[in-house]
Amino acid sequence: MSQEHYTSTLTQQAGTYLPPLHGKASAWVCGNEEAEAIYMQALEKPEEFWEGRASQLLHWFKRWDKVLEADEERHKYRWFTGGKLNASFNCIDRHILIGRRNKAALIWQGEREMDVRCYTYQMLYTEVCRVAHALSSLRVRKGDRVALYMPMIPELVIAMLACARIGAIHTAIFSGYAEGGVRSRIQGAKAKIVITADAAVRAGKFKPLKANLDPILEKCPSVAHVVVVNHAELFDVKMMPNRDIWWHDLIEDFTLDVDFPCERMNSTDPLFLLHTSGSTGKPTGVLHSTGGYLTYAAHTTQWIFDMHDDDVHWCTADIGWITGHTYGVYGPLALGATVLMFEGVPTWPKPDRYWRIVEKFRVNILYTAPTVIRSLMRMGEAWAERYDLGTLRILGSVGEPISPEVWQWFYKNIGNSELPIVDTWWQTETGGAMIAPLPYATKLKPGSATKPLPGIDAAIMRDDSTPDLDGSADRRSGHLVIRKPWPGIMLGVYNDEEKYQSYFSRFGCYESGDGAEVDEDGYYWILGRIDDSINVSGHRLSTAEIEAVLVSCPEIAEAAVVPMPHALKGEAIYAYVVTRDEVAWSDTLRKKLLDTVRRDIGALASPEYIQFAEALPKTHSGKVIRRLLRKIAGGSSLEELGELTTVAHPEVIKPIIYGHQNILLGQHETASMEAEAAADGRG
Ligand code: PRX
């Protein structure tokens with residue numbers, strides 16, 4: 001597809017942007033009329049719609065017997081039952097079989113400018129088969145869990161696809177997680193193998209991974225072997241005999257031309273496990289299916305990004321998160337596109353890094369996060385101006401609401417005031433985007449993720465569990481729910497049925513945990529989490545997990561963690577702590593608490609501020625009233641706190657407000673994490 005077909009100006013009308021008028025003929029969904037027809041078809045005959053997509057987009061070894069088996073009572077949704085397929089086959093072999101073996105599948109830009117690797121589909125096949133053989137020699141079998149604690153290097157994608165080939169379930173752990181975060185995820189998955197690297201390279205520094213893993217593994221008896229990629233060429237990596245193996249030694253024995261036959265997976269077999277923050281201290285292990293997930297990944301990738309197989313697609317999210325799984329690996333590779341993968345951070349060595357990469361590899365689709373855009377915006381547009389960004393055709397945003405101001409900056413300075421921005425709302429549990437525009441059909445409103453995609457039945461529920469259908473005002477607001485199943489819906493929560501059921505218990509359908517408003521045109525405006533999660537730089541963190549770490553310190557009796565607005569991160573973490581009797585409040589203690597959180601969960605969970613308090617506001621039944629703490633952290637005065645009759649001891653509130661004001665005067669700010677936020681904030 002030539003660029004000229006697409007580069008046409010979005011027309012602005014009263015705060016909305018109409019889709020480009022040219023290029024319709026070549027777009028997957030062309031114009032509003034065609035989109036309306038698709039929405040209608042998906043609404044009237046959902047099963048026909050989804051099976052159409054599954055057969056158009058994927059290769060099935062055996063066709064399904066049933067499109068959807070739904071157990072409405074237990075909220076179990078099984079897609080394409082009886083169908084057989086393999087995700088690795090769909091992402092690699094299929095493209096080779098149709099003559100695309102020499103096409104670039106994966107281009108990797110290392111942190112150092114000179115470090116570039118490119119894998120054609122044939123090369124990817126060879127490496128994935130070798131690693132599948134190697135894992136198989138370590139007795140990895142279908143259904144086994146393989147943990148991937150790796151930096152953004154090609155071996156991560158190769159390992160994922162090798163697991164998929166065998167039918168093993170991969171579970172990626174973001175390399176920014178530290179001890180507790182990694183341990184709970186490996187233990188939760190009962191992983192048999194961990195694949196890691198000697199170190200990650202970040203903003204010119206080495207961050208050891210293998211050394212970090214060693215003490216953790218003492219408490220993970222399920223792990224039989226650790227495979228280590230020699231990435232940073234550290235000299236002092238300790239390898240435990242009989243357990244640890246270098247990646248290069250392991251694959252050396254496997255010759256280049258030996259196929260590893262793909263396991264014929266049931267559509268309903270799990271493809272991967274990925275942990276997200278839960279409402280307790282324990283992360284939630286979200287399990288995704290092979291057939292439903294892959295269909296949904298390929299389907300949304302094709303339509304939201306209008307992806308064609310000659311596109312260079314760059315999803316800047318780390319593969320340790322769901323965005324990297326769906327739009328950095330499975331979706332684009334299933335469609336036979338070229339994926340760009342970048343090891344580094346947007347601002348290092350200079351804030352022009354992203355634009356340099358776009359120009360260098362002629363990137364067509366750039367999918368990133370508001371936190372990244374905010375940090376680059378702050379550095380000024382001059383960094384982008386000196387590069388040729390003319391190959392870009394679609395811009396995307398994910399992870400948190402993008403404010404109209406940031407949207408406009410992205411649109412004007414990166415999109416040259418002519419590219420559609422697809423703001424995509426979704427979650428780890430949904431597998432792929434749920435509310436998002438179709439770039440050549442949907443009118444855009446900056447700040448809104450627009451409308452639910454075809455086949456997605458989103459709704460707004462009131463607190464009393466009734467749908468807010470008409471609403472007395474123009475805008476309806478409440479809990480965002482999804483009423484009908486879709487192929488990307490999670491298969492379950494690993495080893496935690498109760499947690500899975502909790503998503504459905506309140507409204508009888510899938511509860512997202514987000515609040516949203518719908519305007520008079522049916523456009524969705526996401527308001528953020530309603531539960532106790534915090535969205536820091538587009539990363540969902542559990543307040544309970546951070547509180548558990550704080551109270552694990554012997555000095556701390558109680559802790560309450562709430563979000564506070566933050567210019568760069570979107571939301572930052574604000575912690576209130578009550579010390580035990582006799583424990584003095586000090587900056588040393590504050591530092592200790594901060595270090596504990598960093599060591600246990602990772603830098604991304606570090607509180608921006610830690611405030612000591614005599615007591616926390618509680619209800620008469622003893623429940624901490626987070627609503628008040630959240631307001632105080634956001635700067636509300638006593639008068640602005642509203643109704644206080646539910647507070648058991650309202651006298652505790654005033655000192656907390658004073659304490660907060662002192663903190664804002666800069667007396668007690670914890671170490672600034674801005675650079676790290678920018679580095680980690682990749683969706
Ligand atoms: O609050 C929403 C926010 O991110 C949450 C999901 O986090 P996670 O499972 O880590 O997945 C992130 C990437 C898909 C949601 O509940 N969120 C995600 N995308 C958007 C968003 N909020 C507003 N607008 C978005 N486009």
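Keep in mind the model is a prediction, meaning the values are calculated, not measured. By convention here, the first residue in the shown sequence is residue 1. Counting convention: from 1, in listed order, for ligands and their atoms alike.
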Whether G399 lies under 4.0 Å from ligand 1, heavy atom:
yes
**Message:** When you measure from the heavy atoms of G513 to every atom of ligand 1, does any distance fall below 4.0 Å?
**Reply:** no
Next on the checklist: Salt bridge check, E571 against R529: does any charged N sit closer than 4.0 Å to a carboxylate O?
Outcome noted: no
What about [X]: any of its N or O atoms under 3.5 Å from an N or O on ligand 1?
X    : result
R529 : yes
E429 : no
Q427 : yes

Rounded to the nearest 0.5 angstrom, the CG-CG distance for L392 and N416 is 10.0 Å
Distance col, row C163:SG vs L161:CG, nearest 0.5 angstrom, shows 9.0 Å
Note: T428, heavy atoms under 4.0 Å from ligand 1, region reported as both
Please list, in number order, the atoms of ligand 1 under 4.0 Å from a heavy atom of [X].
X    : answer
T323 : 13 (C), 14 (C)
R540 : 6 (C), 7 (O), 8 (P), 9 (O), 10 (O)
D514 : 1 (O), 2 (C), 15 (C), 16 (O)
I526 : 22 (N), 23 (C)
N535 : 3 (C), 4 (O)
P401 : 22 (N), 23 (C), 24 (N)
T424 : 19 (N), 20 (C), 25 (C), 26 (N)
D423 : 25 (C), 26 (N)

In short, R540 meets S533 closest at the heavy-atom pair CG-CB, 4.0 Å
On a heavy-atom basis, the closest approach of M434 and W426 is N-CB, 3.8 Å
Out of E571, E400, H325, the nearest non-hydrogen contact to atom 21 (C) of ligand 1 is supplied by E400
Residues passing the ring pair (Phe, Tyr, Trp, His ring centres under 6.0 Å) test with Y149, sequence neighbours excluded, are none
Sequence neighbours excluded, the answer for ring pair (Phe, Tyr, Trp, His ring centres under 6.0 Å) partners of Y510 is W486, Y503
**Q.** Y296/W50 under ring-ring contact (aromatic ring centres under 6.0 Å, His included): CA gap, chis, key distance, verdict
**A.** CA-CA 9 Å; Y296 200 66; W50 291 121; 5.8 Å; yes
Any side-chain heavy atom of V597 sitting closer than 4.5 Å to one from L550?
-> yes
Test side-chain contact (heavy atoms from CB on, under 4.5 Å), reference W303, set P439, P454, P437, output is P454
